[in-house]
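So the structure is just underneath, and the comments pick up after that.
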Amino acid sequence: MVSDEIIHIITAELDDRDWIPLAIALGVSEEECRLIQRKFPGRARRQVHQMLLMWRHQQGQSANLNKLCQALSIIGLDDVVSSLKPGFR
């Protein structure tokens, strides 16, 4: 399961343009993303954090670093993956 430390690192790395594509790549629904946006309007970091917590809760033990890195890579954030997994290319 993805640790709180990893969630905090990603929360710091992502901006308001990146979190919804990441959510979709992780299997979080667009409706769930809208709920997060309504709950935390104008607070992108809080939205990222909530989405990742939701994903981890929904996936349980399946919410692992490899799945998260795959999703980050799919949306073109290999630099974030590199910060999580040194040596990634």
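Predicted model only: the values in this text are computed from it and were never measured.
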Looking only at non-hydrogen atoms, find the nearest pair between [X] and [Y] and report the distance.
| X | Y | result |
| --- | --- | --- |
| Trp19 | Gln47 | NE1-OE1, 3.1 Å |
| Ile36 | Met51 | CD1-CA, 3.6 Å |
| Lys67 | Trp55 | CB-CZ2, 4.3 Å |

Any sub-3.5 Å donor-acceptor pair from [X]'s side-chain atoms to [Y]'s backbone N or O?
| X | Y | value |
| --- | --- | --- |
| Asp15 | Asp18 | yes |
| Ser73 | Cys69 | no |
| Glu30 | Ile24 | no |
| Asp78 | Val81 | no |
| Arg56 | Gln61 | no |

First locate atom [atom1] of [X], then atom [atom2] of [Y], and finally report the distance between them rounded to the nearest 0.5 Å.
| X | Y | atom1 | atom2 | answer |
| --- | --- | --- | --- | --- |
| Asn64 | Asn66 | CG | CG | 5.5 Å |
| Gln37 | Ile20 | CD | CD1 | 4.0 Å |
| Met1 | Ile7 | CE | CD1 | 9.0 Å |
| Ser29 | Arg34 | OG | CZ | 7.5 Å |
| Thr11 | Arg45 | OG1 | CZ | 8.0 Å |
| Leu26 | Met54 | CG | CE | 12.0 Å |

Discussion item. Within the 4.5 Å heavy-atom criterion, are His49 and His8 side-chain neighbours or not?
Written reply: yes
Practice prompt. Take Gln50 and Arg46 through the test side-chain contact (heavy atoms from CB on, under 4.5 Å) and record every step on the way to the result.
Written response: CA-CA 6 Å; Gln50 281 301 120; Arg46 187 70 175 141; 3.4 Å; yes
Worksheet entry | Derivation and outcome, side-chain contact (heavy atoms from CB on, under 4.5 Å), residues Leu14 and Leu72 | CA-CA 10 Å; Leu14 265 58; Leu72 287 162; 4.2 Å; yes
Discussion item. Using the rule given for side-chain contact (heavy atoms from CB on, under 4.5 Å), can you reason through Leu84 versus Leu65, listing the C-alpha separation, both sets of side-chain angles and the distance that settles it, and then say yes or no?
Written reply: CA-CA 9 Å; Leu84 299 172; Leu65 185 58; 4.2 Å; yes
Discussion item. Test of understanding: clusters of I, L, V, M, F, W, Y form through side-chain heavy atoms closer than 4.5 Å, transitively. Do Leu22 and Leu35 belong to the same one?
Written reply: no
